[in-house]
Every structure is written in structure tokens, then in C-alpha cells.
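Presented below is the structure to which this report refers.
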Amino acid sequence: MMRLPKFRYFSPTSVREAVRIRAGEGPDAAYVAGGTDLYPNMKRRQQTPKVVVGLSRIPALSRLSVGREGFAIGAAMPLSAIERHRRVRREHPALVHAISEISTPPLRNMGTLGGNVLLDTRCNYYDQNFEWRQAIDFCMKKDGTVCWVAPGSPKCLAVQSADSVPVLIALAARAVLVSPGREREVAVEDLYRNDGIHYLTKRPEELLTAIRIPRADGWRASYRKLRRRGAFDFPVLSVGAALRFEGGSTAEARLVLGGVSSAPLRLSVAESILVGRPLDREAVEDAAQAAAGPSRPMDNTDFSFLWRKQMTRRFVAFALDALREPGTPAAAVS
Ligand SMILES: Cc1cc2nc3c(=O)[nH]c(=O)nc-3n(C[C@H](O)[C@H](O)[C@H](O)COP(=O)(O)OP(=O)(O)OC[C@H]3O[C@@H](n4cnc5c(N)ncnc54)[C@H](O)[C@@H]3O)c2cc1C
């Protein structure tokens, strides 16, 4: 049985108190929301904070509000509560779909949107228990020096694997970050860095308090995820797509890949191929073709990386086909 290491636990009741404690404790501290990522990582000694600052007793972090601008979802709101929320379901079904594919119902009762957005990067050489990792002399991400995925690589190649992220980026969501004496807002897209160890641009003491999502306002979105088991598994390739139509043509497009690098990947060439054209079979096939180039999965998750690359075209086509009028024939992408 794997046991948690010893740590001190704080249970603040306000955002201000939480950021004060976290900032005061320095690099040996971590926030915890649902704990469905952090605690297993601590049991495996992948993360070893001496101080843990719990977020579950801060009411402001579990609220959802809807205004003229859109939705503000508290970072510690459980995933299952978002899934059930009628207005989110109506306006952002793609987000609800992505959330419904995260782990399992009991884990979605504990897991939160903020924890998902800030999920640790994953890798076959890292997501193992201590003894397994010790037997290979560890890896660059924790306690070692070599990236076993590509031993010549100067940086860790662990992969971004959070289901909500590609859709949130496609929906132009923003993150609210609070630290002592300061609040700032950044695009969710700008939260990530293509580095498996330093995968977040936010400072460690910054608390994610909310995710803001604009009104759908004519945008339609979809999410498609590749995984081995339909019941539960992390994505090893995922696509978030959002399109806005004008007069029968695509006026704006956002396409995002997850599961293929340490940061989510925006497919700008594929996006520009769609703009100004009707979303017909040819447009979907052209965009899906263009998406395969920048998709460079590494050999560090389930399935062969070559096959995952090949699947990029098909999954981008699935995501785009879902945005076409019901009953239109699917694009022929093999
Ligand atoms: C068996 C299993 C299967 C899973 N399958 C999937 C899957 O298919 N898809 C998927 O996306 N995830 C999956 N997960 C991971 C996890 O359950 C979800 O990502 C969940 O949303 C994490 O949320 P949490 O609140 O539990 O995060 P926590 O574990 O509490 O936190 C995760 C990280 O975020 C930080 N953090 C959390 N909240 C904040 C905040 N407000 N401000 C600053 N830092 C914060 C923590 O310090 C920690 O580093 C799985 C987990 C397990 C155990």
C-alpha cells in the first residue's frame, strides 16, 4: 500500500488567507482542491510538499455566476456540479462533454475545474511508484537527470493531459489569478509552457480563483478524445474546436490539440484554412490534413506515437464534423 508522506495541512476560509499562507510557506507548499491529482502524486513521491493549503472551505471558489459577459466558474467547483449546471449545459455543451470524459463519476465529485486546468503533466516514465522510478534512476521530471522519452532532450517531454483545457482555450476562456496584494487575468491559452517540468506560466503562489468563459454568442464548439478505455482513461490525443459562422461560412475558428506536447497546441494553419469557407466535407478534410503536421506526439503515453499522430487527422475531422449541420455526410479522412 502506498501511503501519503507527512505534511502540515491548512484549511483557510478565504482567498486572502489562502494566498497569504501559501506565499509564506515558500516552495515547499502546494494548494490542494479535490486532491485527485496531488494526493496520488504525493503517494508516489512525485510531488513532496511539506505544507498543503486546502481550498475546499473557501465558499467563493465553489460558486458559479452568469452575467452579461459570460460565466465565471469558481476554480474549486467540483466537476460533477459543472456537469449538472443547466445554464452551462445549454450554452457550453462541449465543455460539459469534455468534463464528462474526465476520469470517473466519484473522481468528478471530488475533482475540480481548477485542479484539471493545472493538472500535472504526464509520462510513462514519471507516473509510476517510487520504487519503479528508482529502478530506472528516476527521470528528469523528478529526482533524475535524463528524459527517458528522448535521452538527448534538454527538456522534459511529459505531456499535457487535462480534458477541459483544449475546449476552454477554444472557447477563449480566461483564468483569474490571485497572489498577495495582486489579482490578474490571463487567457487560459497563456497559462502553459511547452516544458514538462515548468509547464505553467503562473507563479507557484498564485491561486487560480476562477475560470471566465465568454457567452457562446454564435460560437459552436466540440471536443473529441482518444483513449484506450471508454470508461476512463486520460486523453492521449484530444481536440477542442470552436467555430463562428457568418452567412453560411466560417468567420472565425479556434482549434486546439491536447495530449501531444507539454502544452496545448493551437492549430493556426488549420484554423486559417477554414475561415471564409463553408464547413463542407472538403474544408474539413483540408483542415484535418493541415492539423497532422504540427502534431508531434512523443513515445510517452499509451499507444504508438506514430499512430497517435496519424489519428490527429481523424480526430480533428470528428471534432469539425460535429459542428456541421446534422445529417451532412462525414468527411472521408482515414
Ligand atoms: C484514476 C484517475 C483517472 C483520471 N482520469 C483523468 C482524465 O481522464 N482526464 C483528466 O483530465 N484528468 C483525469 N484525472 C486527474 C484528475 O482527477 C482531474 O484532472 C481533476 O480535475 C483534478 O482536480 P483536483 O481538484 O482533484 O486537483 P488537485 O489534485 O487538487 O490539484 C491538481 C494540481 O492543481 C493545483 N491546484 C488545484 N487547484 C488550484 C487552484 N485553485 N489554484 C492553484 N493551484 C491549484 C494543485 O496544487 C495540484 O498541483 C484522473 C485521476 C485519476 C486518479
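Remember, it's 1-based here, ligands and their atoms both numbered in the order they're listed. The analysis underlying the following values was restricted to heavy atoms, covering all of them including side chains, and did not include hydrogens, waters or symmetry mates.
Every atom of ligand 1 with a heavy atom of D233 under 4.0 Å away is listed here by number and element: 8 (O). The L79 neighbourhood of ligand 1 comprises atoms 21 (O), with distances under 4.0 Å to a heavy atom of that residue. For ligand 1, the atoms sitting less than 4.0 Å from at least one non-hydrogen atom of L119 are 15 (C), 19 (O), numbered in the order shown with element in parentheses.
Under a 4.0 Å heavy-atom criterion, A76 is not in contact with ligand 1. In this structure, E101 has a heavy atom closer than 4.0 Å to ligand 1. Residue K225 places a heavy atom under 4.0 Å from ligand 1.
For residues 3-14, the pairs satisfying salt bridge (charged side-chain N to carboxylate O under 4.0 Å, His left out) are R8-E25, with sequence neighbours left out.
A salt bridge links R215 with E91: the distance from a Lys NZ or Arg NE/NH1/NH2 to an Asp or Glu carboxylate oxygen falls below 4.0 Å.
Enclosure of atom CD in E69 is not indicated, since only 12 or fewer non-hydrogen atoms of other residues, nucleotides or ligands lie within 6.0 angstrom. Within a 6.0 Å sphere centred on NZ of K43, other residues, nucleotides and ligands contribute 12 heavy atoms or fewer.
Checked against a 3.5 angstrom limit, the closest N/O atoms of G111 and ligand 1 fall outside it. Looking at ligand 1, you'll find an N or O of A33 within less than 3.5 Å of one of its N or O atoms.
Taking D286 as the reference, R277 meet the salt bridge (Lys or Arg N to Asp or Glu O under 4.0 Å) condition, with sequence neighbours excluded.
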